[in-house]
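Everything numeric here is computed off the predicted structure, so don't read it as measured data.
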Amino acid sequence: MSQVPVESIALHIVRHLVRGLGKSEGQGAPIQSLRHWWTRSLGQRSDDFERGLDYAGQCRWIERSSDEMIRLTRQGSERGGPLR
């Protein structure tokens, strides 16, 4: 079984926030809602979701807040924007 590169997972999550949900810098979504989208709607593994969030946080594309929200940073909103 091959592993999906963690950067690809992180980008997929960030692009969903920007393109799918229309979020921009400082805006976000509840972690629970994003996890549901990832596991139920896409049928993906929950541990991959967590790895993707961790990577996106390390890259400063997102910030996790204490209220269980994921918020986009400027880098995240640029990274998830239209393909160049």
Side-chain angles (χ1 to χ4, degrees):
M1 179 170 125
S2 65
Q3 289 255 346
V4 176
V6 70
E7 182 177 18
S8 295
I9 296 167
L11 282 171
H12 197 72
I13 294 168
V14 168
R15 286 180 180 143
H16 176 66
L17 282 166
V18 174
R19 298 177 193 169
L21 300 177
K23 304 299 181 185
S24 59
E25 180 181 353
Q27 297 179 325
I31 293 173
Q32 182 178 2
S33 174
L34 290 171
R35 185 177 291 111
H36 184 272
W37 159 77
W38 182 260
T39 58
R40 302 284 188 237
S41 298
L42 298 180
Q44 299 296 316
R45 296 170 20 147
S46 185
D47 58 331
D48 285 343
F49 176 77
E50 290 301 326
R51 289 182 330 122
L53 283 186
D54 289 344
Y55 184 87
Q58 291 170 4
C59 293
R60 295 190 175 111
W61 297 343
I62 61 165
E63 293 176 343
R64 285 185 179 205
S65 62
S66 59
D67 61 353
E68 295 297 309
M69 293 283 289
I70 298 295
R71 287 186 173 66
L72 284 167
T73 63
R74 181 180 54 78
Q75 294 96 327
S77 60
E78 290 172 358
R79 191 73 170 169
L83 296 174
R84 294 174 215 135

Matching residue for R19 among K23, R15, H16 - test: side-chain contact (heavy atoms from CB on, under 4.5 Å):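 Per the side-chain contact (heavy atoms from CB on, under 4.5 Å) rule, the option paired with R19 is R15, out of K23, R15, H16.
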Can you tell me how far the [atom1] atom of [X] sits from the [atom2] atom of [Y], to the nearest 0.5 Å?
X: W61; Y: L17; atom1: CH2; atom2: CG; answer: 12.5 Å
X: E68; Y: S33; atom1: CD; atom2: OG; answer: 12.5 Å
X: L42; Y: I13; atom1: CG; atom2: CD1; answer: 9.5 Å
X: R71; Y: S77; atom1: CZ; atom2: OG; answer: 14.5 Å

Any donor-acceptor N/O pair, T39 side chain to Q44 backbone, under 3.5 Å: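 Between the backbone of Q44 and the side chain of T39 there is no qualifying donor-acceptor contact (under 3.5 Å).
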Heavy-atom side-chain contact between [X] and [Y] under 4.5 Å:
X: R64; Y: I70; answer: yes
X: Q75; Y: C59; answer: no
X: E50; Y: R35; answer: yes
X: Q27; Y: L72; answer: no
X: D54; Y: V6; answer: no
X: Y55; Y: V14; answer: no

Cationic N near anionic O, under 4.0 Å, R51 to D48: yes
Smallest separation among heavy atoms of A10 and G52, with atom names: CB-O, 3.4 Å
Nearest heavy-atom neighbours spanning T73 and E63: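 It is CG2-CG, 3.6 Å.
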Residues that R60 engages under side chain to side chain donor-acceptor pair (under 3.5 Å), provided they are two or more places apart: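 Per chain and number, R60 pairs via side chain to side chain donor-acceptor pair (under 3.5 Å) with no residue.
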ILVMFWY network linking L21 to L53, side-chain heavy atoms under 4.5 angstrom: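 Same cluster: L21 reaches L53 through Ile, Leu, Val, Met, Phe, Trp or Tyr contacts under 4.5 Å.
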Salt bridge (Lys or Arg N to Asp or Glu O under 4.0 Å) partners for E7, two or more places apart: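 For E7, the residues satisfying salt bridge (Lys or Arg N to Asp or Glu O under 4.0 Å) (neighbours in sequence not counted) are R79.
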Non-neighbouring partners of H12 that pass ring-ring contact (aromatic ring centres under 6.0 Å, His included), sequence neighbours left out: W37, W38
